[in-house]
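Since the structure comes first, as structure tokens, the remarks are kept for the end.
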Amino acid sequence: MSILVVGSVAFDAIETPFGKTDKIIGGAATYISLSASYFTDKVNLVAVVGDDFPKEQIEMLQRHGINTEGLQVKKNEKTFFWSGRYRNDMNTRDTLVTELNVLANFDPVLPESYQDCEFLMLGNLTPSVQSTVIERLRKRPKLIVMDTMNFWMDTARKELEKTLSMVDVLSINDEEARQLSNEYSLAKAAKKIMSMGPKYLIIKKGEHGALLFHNNKVFFAPALPLEEVFDPTGAGDTFAGGFIGYLAHTGNTSFDNMKRAIIYGSAMASFCVEKFGTERLINLDQSELKNRIQDFIELVQFEISLK
Ligand code: AMP
């Protein structure tokens, strides 16, 4: 089944304890689309860049089977730019620069061929643009998944609450869940956030895995302990891309299938952090993915007989 992905396509400059990059390509929608492309060849991108964005990078997305008909290239404008620095624990990062540029006036255009997408992935973006995309779809998709971040909680709370009320699944990290709900306990935070709209909530905890909440149920997926972690940028988006990619591939949106989707999302994210930027995601093959899923199965599988 097909996926519509909306979000930022960006230039990023990243500093980690292991090194530093100049402007490289990033953006929530870039990571999501690349990740989802390993599960389905029906990934449709909606985003905007300036004419400083390299053509070769658009071709790279197309080579991954991503439909870029909905990617607007604005003449004489600059692409969104984000810069961040990771602390030594690699779990916390400081945003150094956010230049919205072309994103400031982004009016998403949905090509006719995108209209019957069954899955909608709202990547991190201005919440009012996220809700506009939902409103511009004539038929509500089978599943709407949304990502957001503290930046929008601070600067666009009202619009964020409106968008939240329109989606099925919200995917955020633990710090964002606490900020959004004003609760320290993640179990309490989950209840509060689910009362704002989403029936499912994913709380990502970086190297400590991810939680999936639904009604009174909760499922935990670990993160794989990796030897090499170079750059966590985009891990959350790559996770979301794997999650929705697997759901779209299987066409099944049950809670049980979402548990499997979370493992696939975690596996994709584990590749993302191994190299800077999108480098590792660009060169992945299905056998590597299969082996990594097997690693996850072995990590959590145990037998206990209760007498
Ligand atoms: P993640 O590490 O999963 O949180 O995603 C990092 C990506 O999000 C980077 O590639 C950035 O370009 C992008 N990003 C950072 N801040 C924003 C923002 N305010 N709006 C949209 N995308 C953003």
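Computed from a prediction, not measured in an experiment: that's the story for all the values here. These values consider heavy atoms only, across backbone and side chains, with no hydrogens, waters or symmetry-generated copies. Ligands are counted one by one from 1 in listed order, and the atoms in each one are counted from 1 as well.
Contact detail for Ile282 and His64: the closest heavy-atom pair is O-NE2, 3.1 Å.
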Verdict with supporting geometry, Phe255 and Phe219, ring pair (Phe, Tyr, Trp, His ring centres under 6.0 Å): CA-CA 9 Å; Phe255 182 70; Phe219 173 72; 7.3 Å; no
Worked check of ring pair (Phe, Tyr, Trp, His ring centres under 6.0 Å) between Phe81 and Phe11: CA-CA 5 Å; Phe81 173 62; Phe11 285 127; 7.7 Å; no
I'd like the atom pairs linking ligand 1 to the protein - N or O on both sides, separation under 3.5 Å - with distances to 0.1 Å.
{"residue": "ligand 1", "atom": "2 (O)", "partner": "Arg93", "partner atom": "NH1", "Å": "2.9"}
{"residue": "ligand 1", "atom": "2 (O)", "partner": "Gly234", "partner atom": "N", "Å": "2.7"}
{"residue": "ligand 1", "atom": "3 (O)", "partner": "Gly236", "partner atom": "N", "Å": "3.2"}
{"residue": "ligand 1", "atom": "3 (O)", "partner": "Asp237", "partner atom": "N", "Å": "3.3"}
{"residue": "ligand 1", "atom": "3 (O)", "partner": "Asp237", "partner atom": "OD2", "Å": "2.9"}
{"residue": "ligand 1", "atom": "4 (O)", "partner": "Arg93", "partner atom": "NH2", "Å": "2.9"}
{"residue": "ligand 1", "atom": "5 (O)", "partner": "Asp237", "partner atom": "OD2", "Å": "2.7"}
{"residue": "ligand 1", "atom": "10 (O)", "partner": "Asp12", "partner atom": "OD1", "Å": "3.4"}
{"residue": "ligand 1", "atom": "10 (O)", "partner": "Asp12", "partner atom": "OD2", "Å": "2.4"}
{"residue": "ligand 1", "atom": "10 (O)", "partner": "Gly27", "partner atom": "N", "Å": "2.7"}
{"residue": "ligand 1", "atom": "12 (O)", "partner": "Asp12", "partner atom": "OD1", "Å": "2.6"}
{"residue": "ligand 1", "atom": "12 (O)", "partner": "Gly27", "partner atom": "N", "Å": "3.4"}
{"residue": "ligand 1", "atom": "22 (N)", "partner": "Ser8", "partner atom": "OG", "Å": "2.8"}

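With a 6.0 Å cutoff to the six-membered ring centre and a 45° limit on the axis angle, Arg260 does not count as a cation-pi contact of Tyr246.
Environment of CG in Asn88: sparse, with no more than 12 heavy atoms of neighbouring residues, nucleotides or ligands closer than 6.0 Å.
With Pro127 as reference, Glu159 is the one residue of Lys158, Glu159, Lys162 to meet the side-chain contact (heavy atoms from CB on, under 4.5 Å) rule.
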